[in-house]
Protein chains: 2
Amino acid sequence: MTQRKERADALRNREAVLAAADDLFARSQSPRSVSMDDVAAAAGVGKGTLFRRFGDRTGLIQALVEARIEPLRQAVETGPAPLGPAGPPRERVLAVLDAVLRFKLDNRHLSLALEEAGSGSPYQAGHYVWWHRTLRDTLLKIPGIPDGDFTAHALLAATRADLVEYLAGQGGMTADDMSARLANYTAKILD
Amino acid sequence: MTQRKERADALRNREAVLAAADDLFARSQSPRSVSMDDVAAAAGVGKGTLFRRFGDRTGLIQALVEARIEPLRQAVETGPAPLGPAGPPRERVLAVLDAVLRFKLDNRHLSLALEEAGSGSPYQAGHYVWWHRTLRDTLLKIPGIPDGDFTAHALLAATRADLVEYLAGQGGMTADDMSARLANYTAKILD
DNA sequence: GACTATATGGACCGTTGGTCCGTTTCGCAA
DNA sequence: TTGCGAAACGGACCAACGGTCCATATAGTC
């Protein structure tokens, strides 16, 4: 039942791949321009190894995002207010949405890659479901929000990676500006 | 300066391709499973012809969507209230969003195909820009909406094809139900 | 040091979007 | 009707990609 210990070379290679992929995505113009061959080459590893470790392209990207998002997840799940579960729900909704937005801004390429990696919609991905549930549950604690489920979807939609990318890129909108606008918008919903 | 008349065979083939593609997308589970080869074969046309006409995959899908959406566009641009420009802006915003939602529900596969066809984000596509501008301009006529531009993006994001697909599919939500929820949500913004 | 489970890597494959160009067809004009 | 140039045709072809396979190499254990 207990997992055999991971071999040292396997561990080393896995980290090399993650580091190389992270770097490649960060430098790339569009996630599409980063091929699995590129990642393998940059990591100094064979393709077989790459796919053995991560299953497929989506798996690799998920692992990458997972690593980056973990601290935020912790902060939301067990951290202090306003992000954590303890504070007043209204503030928490605002804090969570802001955190999501800033995460996507700070990790534009990766978030973009994750969204379009979709074998199917992003809405089935584990991380989305988790964000949605968290947000919905928090919304439901606020009186006068009739439809937490849909509202959570709609609010999260306003932070979609490609929209954020577009506003930051073409629109030349700064992070703080976008954050403020999103907060305003959300506030209307929470009146 | 004046365009040479389109040759009869070209016209015939273009319509055959559009019809075949429309049909293939409608029947397909996922737009990804419809290849350009499939389309060419179903239309009884060579690949060369297909690409000569439509440039690339995105071009074909855009042409398809264009054809379907034209009446709606007309209705919004020059039709009667509530969709047209004459009525009160608040009602128009609601009407337009509802129309977008229902369009995506009625043309799920096509809308999905368009969104993921992206060579780049969907936000650069002509049709998106048009919807956004229309919505923004209408929002700006309503007193107390401070940020029409962002608000228009955010509201449109709530009708993203993959979200709609997800809610209709996995969530088993009916069209009327989704429409009502979206209206409620929008109403909060417009208070 | 031998032995086994595990990891490795790169040749290989099927599919796809897109191109190229020799051939066919259209439409006009004489 | 016929001749002819411009336009359209179609399918062989190509490069790139994600993903598989398996003969070989290596880590860890006794």
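Everything numeric in this text was worked out from a predicted model, so none of it was measured. In what follows, chains carry the letters A, B, and so on, assigned in the order in which the sequence lines appear, proteins first and then strands, with residues in each chain numbered from 1.
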*Mind checking salt bridge (charged side-chain N to carboxylate O under 4.0 Å, His left out) for B:Asp177 and listing every partner two or more places apart, or none if nothing turns up?*
B:Arg181
*Among D:dA27, C:dG27, C:dT16, which nucleotide sits nearest the side chain of B:Ser35?*
C:dT16
*What integer distance in Å separates A:Arg57:CZ from D:dC17:P?*
9 Å
*Mind calculating the distance between CG (A:Asp56) and C1' (D:dC17) to the nearest angstrom?*
14 Å
*Please name all residues satisfying side-chain hydrogen bond (donor to acceptor under 3.5 Å, both in side chains) with B:Ser28, sequence neighbours left out, ordered by chain then number.*
none
*Round to a whole Å and report the spacing from CG of A:Leu50 to P of D:dG18.*
10 Å
*Rounded off to whole Å, could you give me the CZ-to-C1' distance for the B:Arg32 and D:dC17 pair?*
13 Å
*Starting at the 5' end of DNA chain C, which residue's closest nucleotide do you reach first, B:Arg12 or B:Met36?*
B:Met36
_Suppose we screen for side-chain hydrogen bond (donor to acceptor under 3.5 Å, both in side chains). Which residues come up paired with A:Arg108, at least two apart in sequence or across chains?_
A:Glu165
Sequence neighbours left out, cut at 3.5 Å: what donor-acceptor pairs do the side chains of residues 77-91 of chain B make with other protein atoms?
unit_1  : atom_1 : unit_2   : atom_2 : d
B:Glu77 : OE2    : B:Trp130 : NE1    : 3.3
B:Thr78 : OG1    : B:Gln74  : O      : 3.2

_I'd like to check the side-chain hydrogen bond (donor to acceptor under 3.5 Å, both in side chains) partners of B:Glu15; sequence neighbours left out, ordered by chain and number._
none
*Going through the checks in order, is the ring-ring contact (aromatic ring centres under 6.0 Å, His included) test met by A:His132 and B:Tyr166?*
CA-CA 13 Å; A:His132 174 260; B:Tyr166 171 72; 8.0 Å; no
*Rounding to a whole Å, what distance do you find between B:Asp37:CG and C:dG14:P?*
16 Å
At a cut-off of 3.5 Å, list every protein nitrogen or oxygen paired with a nitrogen or oxygen from nucleotides 8-12 of chain C, distance to 0.1 Å.
unit_1 : atom_1 : unit_2  : atom_2 : d
C:dT8  : OP1    : A:Asp9  : O      : 3.4
C:dT8  : OP1    : A:Asn13 : ND2    : 2.2
C:dG9  : OP2    : A:Gly46 : N      : 3.2
C:dG9  : OP2    : A:Thr49 : OG1    : 3.2
C:dG9  : N7     : A:Thr49 : N      : 3.4
C:dG10 : N7     : A:Lys47 : N      : 3.4
C:dG10 : O6     : A:Gly48 : N      : 2.9

